[in-house]
Amino acid sequence: GQNIDQPTEMTATEGAIVQINCTYQTSGFNGLFWYQQHAGEAPTFLSYNVLDGLEEKGRFSSFLSRSKGYSYLLLKELQMKDSASYLCAVRDSGGYQKVTFGTGTKLQVIP
Amino acid sequence: DVKVTQSSRYLVKRTGEKVFLECVQDMDHENMFWYRQDPGLGLRLIYFSYDVKMKEKGDIPEGYSVSREKKERFSLILESASTNQTSMYLCASSWTLAGGPYEQYFGPGTRLTVT
């Protein structure tokens, strides 16, 4: 099975940088996802890591260390619209594409 | 654009009723998923399907069943609704080809209240 830990809540200032951490313990690993979920809406895909290192996509970057069971999502130049929950999710190494989600980190961006 | 639709945004049912939640995707995805989302517990997988008529239990299948008779449609059935099944239900779909991220695309969710 999978066990995924993320902080419950974070607050950051508009224009700043924030790092949201995710640690996981897994019986198998075939990739880690980050999703964004605004209140009352469905999650939407942000990033994917399967190899160690940093993946950059505009203002958002995601890092993975498989040996440490650790990932982070880095958001730069924070905007008010970035206020949302950020979900870390790990995919099993089995054949069925099963993904386990963490409980999410609620980020509040303040002026 | 991938589109995943769910039959209702809000649903109110009585204890003991049989409840059907429908999900349809338009991108020919092999995989489809049903989750429930509760405060403090996050997204929990109920069932998933990797092909027509195929299904696998997720982490919390008790009290639920599913049906996938066509590739684009995945139904979640609550055989006898109970108050502890009051929740937000989210459907998702994805491809299953090797070598890619194949992220999940989510529907808008159904807020089910069982009274």
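Below, read A as the first sequence line, B as the second, and so on, with proteins coming before strands; counting in each chain starts at 1. Values in this document were obtained by computation on a predicted structure and should not be read as measured data.
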query = Is there side-chain contact between A:Lys98 and B:Asp59, with heavy atoms separated by less than 4.5 Å?
reply = yes

Cluster link B:Trp34 to B:Tyr50, ILVMFWY, side chain under 4.5 Å
no

Sorted by chain and number, sequence neighbours left out, side-chain hydrogen bond (donor to acceptor under 3.5 Å, both in side chains) with A:Ser62 holds for A:Ser47, A:Asn49

If you tally heavy-atom pairs under 4.5 Å between each of B:Met54, B:Met88, B:Gln37, B:Arg111 and chain A, the highest tally belongs to B:Gln37

Next on the checklist: Other residues, nucleotides and ligands only: do more than 12 of their heavy atoms fall within 6.0 Å of NZ on A:Lys68?
Outcome noted: no

Given the rule that I, L, V, M, F, W and Y join up when any side-chain heavy atoms are under 4.5 Å apart, are A:Leu107 and A:Ile4 in one cluster? yes

Does A:Val109 belong to the same Ile/Leu/Val/Met/Phe/Trp/Tyr cluster as A:Tyr72, with side-chain heavy atoms less than 4.5 Å apart forming each link? no

Answer key: most heavy-atom pairs under 4.5 Å with chain B among A:Ala89, A:Pro43, A:Ser85, A:Gly31 is A:Pro43

Worksheet item: Below 4.5 Å, heavy atoms only, C-beta onward: do A:Leu87 and B:Leu43 meet side chain to side chain?
Response: yes

Interatomic distance, OG@B:Ser94 vs CZ@A:Phe45, rounded to 0.5 Å, equals 11.5 Å

Among residues 70-79 of chain B, residues within the sub-4.5 Å heavy-atom range of chain A, in order of number, are none

### Query
Would A:Val50 and A:Leu32 show up in the same hydrophobic cluster when neighbours are defined by side-chain heavy atoms closer than 4.5 Å?
no

- Query: Same hydrophobic cluster for A:Ile110 and A:Met80, using side-chain heavy-atom links shorter than 4.5 Å among ILVMFWY?
  - Reply: no

Pair A:Phe101 + B:Tyr35: ring centers closer than 6.0 Å:
yes

With a 3.5 Å distance limit and no angle check, can you tell me whether A:Tyr35 reaches the backbone of B:Glu103 through a side-chain donor-acceptor pair? no

Here the gap from A:Glu41 atom CD to B:Phe106 atom CZ, rounded to the nearest 0.5 Å, amounts to 13.5 Å

Correct closest heavy-atom pair for B:Gly107 and A:Ala42 would be O-CB, 3.0 Å

